[in-house]
Structure formats: structure tokens, C-alpha cells
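Data first, discussion second: the structure below is written as C-alpha cells.
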Amino acid sequence: MKFIQGQDVSYTALSGRSYKATVIERKMDFKKGLIIKSTSKERDFHYLIEIQKNGSTEKILCAENNLQLLENKKRSVKKAA
């Protein structure tokens, strides 16, 4: 698992839209019985994340390939010569 609890990530939904998210739990940390597999097709969930969507928070189970690490871009201050 390449993400850790509390880490800020970017979640890409099936619609293609991306949301800022926070990792709540990893699959290896899940309590027994939390993950329910879909009956229509098998899905492999790796993380429980929390996203901010339309002013409310939402918890989502997702696969690792739906997440990307958010890069903290720091602007470098150029010194005037």
C-alpha cells in the first residue's frame, strides 16, 4: 500500500472528475466485515477515503489506481539581483 492514513490525495471518480481527498483507512487496517463485495462484479477496494463534495463530506471505498498523491507545490522565491 503506497498511501498512509491521514495523507492528502486526489481521487478520480468514474465520471473522470477529480476531488481532493484524505485517506481514512487502508485495506490492511479494515475491521472484519467492513468491505462488502459487489454481486454484479468483483471489485477490489484498497482504501476508505473522505472527500469534500458540494459542501458535505462523503466517505468512499476505492481502489489504489483511483488515487494520486497531491503534490504540495511550493513556489520558490527568486532573489532580485
Side-chain angles (χ1 to χ4, degrees):
M1 307 250 113
K2 66 180 187 181
F3 301 107
I4 59 172
Q5 286 179 312
Q7 192 169 30
D8 291 327
V9 293
S10 175
Y11 167 69
T12 304
L14 292 174
S15 65
R17 186 163 181 193
S18 293
Y19 300 94
K20 286 185 179 180
T22 303
V23 175
I24 304 296
E25 278 190 84
R26 302 177 302 166
K27 182 177 185 174
M28 58 200 289
D29 301 328
F30 286 153
K31 296 177 181 125
K32 187 175 181 180
L34 177 66
I35 298 176
I36 300 170
K37 290 189 176 182
S38 172
T39 55
S40 60
K41 59 181 175 179
E42 293 251 342
R43 294 187 180 194
D44 197 13
F45 297 114
H46 298 112
Y47 296 95
L48 174 65
I49 62 168
E50 184 175 78
I51 64 170
Q52 296 288 329
K53 186 176 178 181
N54 299 329
S56 64
T57 59
E58 189 175 324
K59 291 185 179 177
I60 298 174
L61 289 168
C62 68
E64 188 169 309
N65 61 353
N66 297 115
L67 300 177
Q68 290 183 337
L69 183 61
L70 276 181
E71 295 179 20
N72 292 333
K73 295 181 179 179
K74 296 182 181 178
R75 294 184 179 183
S76 57
V77 179
K78 293 182 180 180
K79 294 182 179 179

Closest non-hydrogen contact found for Val23 with Ile4 is CB-O, 3.4 Å
Rounded to the nearest 0.5 Å, the CG atom of Leu48 sits from the CG atom of Leu61 at a distance of 5.5 Å
### Query
Going through the checks in order, is the side-chain contact (heavy atoms from CB on, under 4.5 Å) test met by Phe3 and Glu64?
CA-CA 8 Å; Phe3 301 107; Glu64 188 169 309; 4.0 Å; yes
Those residues at least two apart in sequence (or on a different chain) that pass side chain to side chain contact (heavy atoms under 4.5 Å, CB included) with Gln5 are Glu25, Asp29
What one should report as the nearest heavy-atom pair of Thr57 and Gln52 is CG2-NE2, 2.8 Å
Nearest heavy-atom contact between Ile51 and Ile60 is CD1-CD1, 3.5 Å
Correct closest heavy-atom pair for Gln7 and Leu69 would be NE2-CD1, 3.2 Å
I'd like a table of donor-acceptor pairs (distance under 3.5 Å, sequence neighbours excluded) in which one partner is a side-chain atom from residues 9-20, with atom names and distances.
unit_1: Thr12; atom_1: OG1; unit_2: Ser18; atom_2: OG; d: 3.4
unit_1: Ser15; atom_1: OG; unit_2: Arg17; atom_2: N; d: 3.4

Sequence neighbours excluded, the answer for side chain to side chain contact (heavy atoms under 4.5 Å, CB included) partners of Ser56 is none
One should read off an interatomic distance between His46 NE2 and Arg26 CZ, to the nearest 0.5 angstrom, of 12.5 Å
